Amino acid sequence: MNRRAVKVVDYDPGWPEAFEELRSRIWPTVKDIAQSIEHVGSTSVPGLAAKPIIDIDIVVSSEVHIPIVIKRLATLGYDHRGNLGIEGREAFKAPTSSIAHNLYACVSGSLGLKNHLAVRNYLRQNPSVAKAYGELKKQLAQQFPYDIDSYIAGKTDFLLEILQSANFSPAQLASIERINRES
């Protein structure tokens, strides 16, 4: 069991500004090879309760750009952590002096990126679902205050329903379920 504290807080209207601050530091380093930098995860959905950690995806058009992104992010103090079991997505540990965030480099069209964007967009378009998701997250954080794995597993069925509504195929859903249950 992973003993990281699980803390879910009410939406903070400062999260988009925190994302923009992080984006403005990262973009100049990758702008010639990245398609975009996306604010994803719960902090990207207005009104949604979340762990106070900004999730960011750098989107590149091809896997050939990933090694370049890895080298360039190292110059900003990011440590490459590998794909953590998710093909088409590379994770990075943020510098300790930075705003709390998770940073990923994702290949356009990869399942990890599609997952992040579909959930974000669905929750932005369906505030009542976002509210229910926020309540679930708060309940799970209370139930599993030092068990991030159980917290993540407790959200999986809810997220799979969203992805099913976003027309993810049964194979894609099975892959995402496997990833979430193994995280």
Side-chain angles (χ1 to χ4, degrees), residues 2 4-27 34-59 84 86 89 91-95 97-106 108-169 172-173 175-177 179-181 183:
N2 191 327
R4 284 189 296 171
V6 179
K7 177 183 175 190
V8 173
V9 299
D10 287 333
Y11 180 76
D12 182 337
W15 286 336
E17 285 177 29
F19 164 74
E20 286 301 331
E21 182 179 330
L22 290 163
R23 184 190 179 286
S24 71
R25 289 185 203 159
I26 297 164
W27 183 248
Q35 294 178 321
S36 65
I37 296 180
E38 299 288 337
H39 186 187
V40 295
S42 294
T43 62
S44 70
V45 179
L48 179 57
K51 296 191 316 285
I53 302 167
I54 308 297
D55 289 323
I56 302 171
D57 287 349
I58 300 171
V59 182
L84 306 180
I86 301 173
R89 184 191 87 175
F92 298 86
K93 183 178 182 210
S97 61
S98 172
I99 296 167
H101 66 287
N102 296 314
L103 180 63
Y104 306 98
C106 303
S108 181
S110 66
L111 185 58
L113 178 63
K114 286 180 180 179
N115 175 15
H116 281 172
L117 296 176
V119 170
R120 178 195 69 188
N121 296 342
Y122 188 88
L123 291 172
R124 283 179 174 176
Q125 295 166 2
N126 295 279
S128 62
V129 177
K131 181 173 174 38
Y133 183 47
E135 292 304 316
L136 173 64
K137 289 166 49 121
K138 285 180 179 180
Q139 175 209 338
L140 290 168
Q142 200 169 43
Q143 187 177 355
F144 304 110
Y146 293 99
D147 185 357
I148 190 73
D149 297 330
S150 293
Y151 168 82
I152 291 169
K155 300 185 312 174
T156 297
D157 289 340
F158 195 98
L159 292 171
L160 290 173
E161 287 179 26
I162 289 172
L163 295 172
Q164 191 170 15
S165 297
N167 296 316
F168 274 54
S169 72
Q172 290 173 316
L173 293 170
S175 274
I176 291 168
E177 181 177 20
I179 291 165
N180 281 341
R181 300 231 189 260
S183 320

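Everything numeric here is computed off the predicted structure, so don't read it as measured data.
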Test item: Gln172 side-chain N/O and Ser169 main-chain N/O as donor-acceptor pair under 3.5 Å: yes
Salt bridge Asp10-Lys138, side-chain N to carboxylate O under 4.0 Å: yes
Backbone of Cys106 reached by a side-chain donor or acceptor of Ser110 within 3.5 Å: no
Rounded distance (nearest 0.5 Å) linking atom OH of Tyr146 with atom NZ of Lys7: 11.0 Å
Check: Phe92 ring centre within less than 6.0 Å of Tyr104 ring centre: no
Pairwise distance CD1(Ile53) to OG(Ser42) - rounded to 0.5 angstrom: 11.0 Å
Validation row: Arg120, Glu38 side chains within 4.5 angstrom (heavy atoms): yes
Val129 vs Leu123 side-chain heavy atoms within contact, under 4.5 Å: yes
Side-chain donor/acceptor of Ser44 to backbone N/O of Gly41, under 3.5 Å: yes
Pairwise distance CG(Leu140) to OH(Tyr133) - rounded to 0.5 angstrom: 9.0 Å
Trp15/Tyr11 aromatic ring centres below 6.0 Å: yes
Any Gln164 side-chain heavy atom under 4.5 Å of Leu173 side chain: yes
Atom pair CD1 (Ile26) and CZ (Phe19), whose distance is rounded to the nearest 0.5 Å: 8.0 Å
Side-chain (Asp12) to main-chain (Gly14) donor-acceptor, under 3.5 angstrom: yes
Closest non-hydrogen atom pair between Ile58 and Ala34, with its separation: CG2-CB, 3.9 Å
Heavy-atom pair with the smallest gap, counting every atom of Ser108 and Gln35: CB-OE1, 3.3 Å
Side chain proximity check, His116 to Asp55, heavy atoms < 4.5 angstrom: no
Any Asn102 side-chain heavy atom under 4.5 Å of Ile54 side chain: no
Flag side-chain contact, heavy atom, 4.5 Å: Ile37 against Val59: no
Interatomic distance, Asp57 atom CG to Arg89 atom CZ [nearest 0.5 angstrom]: 7.5 Å
CA sep, side-chain torsions, deciding dist, call: Gln143, Ser150, side-chain contact (heavy atoms from CB on, under 4.5 Å): CA-CA 9 Å; Gln143 187 177 355; Ser150 293; over 6 Å; no
Nearest heavy-atom neighbours spanning Val45 and Arg124: CG1-N, 4.0 Å
Chi angles and distances behind the side-chain contact (heavy atoms from CB on, under 4.5 Å) call for Ile56, Val40: CA-CA 6 Å; Ile56 302 171; Val40 295; 6.0 Å; no
Gap separating the NE2 atom of His101 from the CG atom of Leu103, nearest 0.5 angstrom: 5.5 Å
Close side-chain approach of Val6 and Pro145, heavy atoms under 4.5 Å: no
For Ile86 against Gly112, the heavy-atom pair lying closest together: CG2-CA, 4.2 Å
Crowding at CD, Gln142 (>12 non-hydrogen neighbours, <6.0 Å): no
Glu17 atom CD, over 12 foreign heavy atoms within 6.0 Å: no
Residue from Thr43, Ile148, Val9 passing side chain to side chain contact (heavy atoms under 4.5 Å, CB included) with Lys51: Ile148
Exercise: identify the closest heavy-atom pair between Lys155 and Leu136: CA-CD2, 4.3 Å
The single option from Asn121, Asn126, Asn115, Val119 passing side chain to side chain contact (heavy atoms under 4.5 Å, CB included) against Ile162: Val119
For Ala141 against Tyr151, the heavy-atom pair lying closest together: N-CD1, 3.8 Å
